[in-house]
Protein chains: 2
Amino acid sequence: MVTLAEVARHAGVSASTVSYVLSGKRTISKQTRDRVERSIRELGYHPNAGARALASSRSNIIALMMPLRTDMYVPVMMEIAIAVATTARERDRDVLLLTGQEGPAAVRRVVGSGLADAMILMDVELQDDRLPLVHEADRPAVLIGLPADTTGLTCVDLDFTATGRLCAEHLAGLGHREIAVIGEAAGVYERHTGFAERTMTGIREGVRQHGLRMLHRPCEGSYESVAGTLARIFDERPGTTGFVVQNEAAIGPLLSLLRQQGRAVPEDVSVVAVCPDQVATQHSVALTSVAIPAEEMGRRAVELVMAKVDAAEAAGGRGNGSAHGNGNGSAAGPAAAGAPDRVELLPPQLTVRSSTGPAPRS
Amino acid sequence: MVTLAEVARHAGVSASTVSYVLSGKRTISKQTRDRVERSIRELGYHPNAGARALASSRSNIIALMMPLRTDMYVPVMMEIAIAVATTARERDRDVLLLTGQEGPAAVRRVVGSGLADAMILMDVELQDDRLPLVHEADRPAVLIGLPADTTGLTCVDLDFTATGRLCAEHLAGLGHREIAVIGEAAGVYERHTGFAERTMTGIREGVRQHGLRMLHRPCEGSYESVAGTLARIFDERPGTTGFVVQNEAAIGPLLSLLRQQGRAVPEDVSVVAVCPDQVATQHSVALTSVAIPAEEMGRRAVELVMAKVDAAEAAGGRGNGSAHGNGNGSAAGPAAAGAPDRVELLPPQLTVRSSTGPAPRS
DNA sequence: GAGATCCGTCGAAGCGCTTCAACGATCCTC
DNA sequence: GAGGATCGTTGAAGCGCTTCGACGGATCTC
């Protein structure tokens, strides 16, 4: 392995000069810089990550905690993860992959060992085990998802309330009066991941405001489950003409079943989905949908967490970018310039495709 | 941050003693060990990862290179990644997530900086850009997937040839004489990822051996594409009664279409799929399938790569666990005990579910 | 043109850990 | 009971880097 010292010797300068060329923290004459850079290239030098981390107490690594269960939203999770990794690399950081397996202890370990400078937590639940540790660790952290209490936390998520409202409004605008929501599997509601509830809140707002009637039924992704749910919906409300589907897995079966029953989409019933664009466009009918901006969520999470790292650095200390009085959230204010704690809800965007149309004449 | 020195002081021993308690590399009396461990707990000590890496030139990190494109097999990729991360953690290693974004240069960087001790490469193509660098880097590496030339490489993959054979044999055993293969999207064949070809090789073997007739059609995952492909198949070979589907995305549309056309599964046509079990069981008909053992692939990859790290360590040097003469693969042999280069093909397992049955009387 | 200022470079001190050689103490062995 | 092994522990030397203070020389200021 080539070391910095060897580069220095090769270039005829001191080690510190090489270091400053690399970091840019002091001005170096163009002449020297060129010479050093040439030596680096010729020798194929790569700074040793461990030594760097030790000397600077910055590892340039961001930890990404994935959900343990892989039963849901896999494509979304994956897209977020890839966006995180890609964005981090663009900013010269690496990403450490942690699974939920290890539980909250992972937070303690990573923080304690200085392995990572910051954390991004995915799939945050309303009452998340890891949150107390995040607070205690007082390290830059960003959550993807929204816990019940966001005090002192920075979060990124799709604005699911606005999403729900948007869906309801879209259907209302097309003249639909009775709509049904094919929701997430019951387990999702029980786990209190929050987004399902928020979507429903938004839908209810839209429903109330536009005087619609609405039926909400949780539903598994299996064909049988969708069939049962659908049957019950039409049983109870034969006049239903609009559907909002939040469960990706239910979309395929739903379209199949509607076709089988001779209900044309969008002539007889309209369907609007909440899902990634890729999913929306791969079905027999291209779906009007609100996209889940996975890529943007991942990117923003990295940007926010890095801003916090830099802010903490500038402030001289470790820490979260904002002071933590012991729970007395007094004077949260803008704090030191940089990255205040905040909740960033991405505005939903509804794309009209071929699955929604005017309500049929009653 | 608590340091090892503080632990030593607190326990009334020297720093080296604490280090040996932690690593177990020398015998320490139970009494001292207990005392040290107690201090560690009381102070909440976590060894500093950077310092450790620097002093030992081992980072205890395994790099995982994900494919850049997220268009395919996302659930499989995700499952592999999670299995890798989980298995690594069980063995006290962490996982660094790299995307294809950075290209082959990532290999050089990670190896050069000592950030990771070893690499696992996913989604390896037949002629993979990264392979020359893997050879050159001479660091423990394991590929998930099979390149054209596996000399000096360790690979893990499903035995797709056997998989193909198994599918053909299963259908043959049920009396089907004319079968069709709904293959991967044309792009997959063009990219030469290899597994698609290997599956076809196996299917052809089975077809030949059992005297079947076979039609192979690449197919996109979209509904329209499947519809077109299916129409052309029945056009050309009306007597087709058995299907092998390798493209996960095509499964849903295929089942819908068959149902629509009044062809009952499995009474009129049988369908066998190559896909994760989870996918196989979530459709309207539970599919007879050969599973893609993602979890096992991830786990084995970690086991193999760690064996190589240990072997290299024991052999005193860096290196790949086996000598690399400059391309003259002479006397590859068992080499030093430990982890020789090898290709590990996992045996496929076919699970009979409800989508295959005896061929209809012709 | 003397003093203050700035620029580019260097030397040295550490960051927190691992590991080697060494050493006293205890245990055998004959 | 003397010599050698063995055991448990220690001190010190780095691992490769960052960063602080210092320093000579060029540039500016009045």
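For clarity, every value in this text was computed on a predicted model and none was experimentally measured. Every chain is numbered from 1 and lettered A, B, ... according to where its sequence line falls, protein lines coming before strand lines.
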Practice prompt. Determine yes or no for a side-chain-to-main-chain donor-acceptor pair under 3.5 angstrom, with A:Thr154 supplying the side chain and A:Val142 the backbone.
Written response: no

Practice prompt. Output all residues satisfying side chain to side chain donor-acceptor pair (under 3.5 Å) with A:Asn48, sequence neighbours left out; order by chain, then residue number.
Written response: none

Discussion item. Measure CZ/B:Arg33 against C1'/D:dT9 and give the value in whole Å, please.
Written reply: 14 Å

Worksheet item: A:Thr27 side chain N/O closer than 4.0 Å to the phosphate oxygens (OP1, OP2) of C:dG8?
Response: yes

Worksheet, complete the sentence: Readout for nucleotides 13-23 of chain D: B = base within 4.0 Å of protein heavy atom, S = sugar-phosphate only, - = neither; 5' to 3' it is -BBBBBBBBB-

Practice prompt. Please say whether more than 12 non-hydrogen atoms of neighbouring residues, nucleotides or ligands are located less than 6.0 Å from CZ in B:Arg108.
Written response: no

Discussion item. Distance check needed: C:dT19 P versus B:Ile28 CD1, whole Å only.
Written reply: 14 Å

Fill in: Within 6.0 angstrom of A:Arg91 CZ, more than 12 heavy atoms from elsewhere
yes

Worksheet item: Within the distance-only criterion (no hydrogens, no angle test), does the side chain of B:Arg139 pair as donor or acceptor with the backbone N or O of B:Ala116 below 3.5 angstrom?
Response: yes

Discussion item. Between P on D:dT9 and CZ on B:Arg9, what's the gap in Å once rounded to a whole number?
Written reply: 19 Å

Response to the item:
Smallest heavy-atom separation, B:Lys308 atom then B:Ala141 atom, equals NZ-O, 3.3 Å

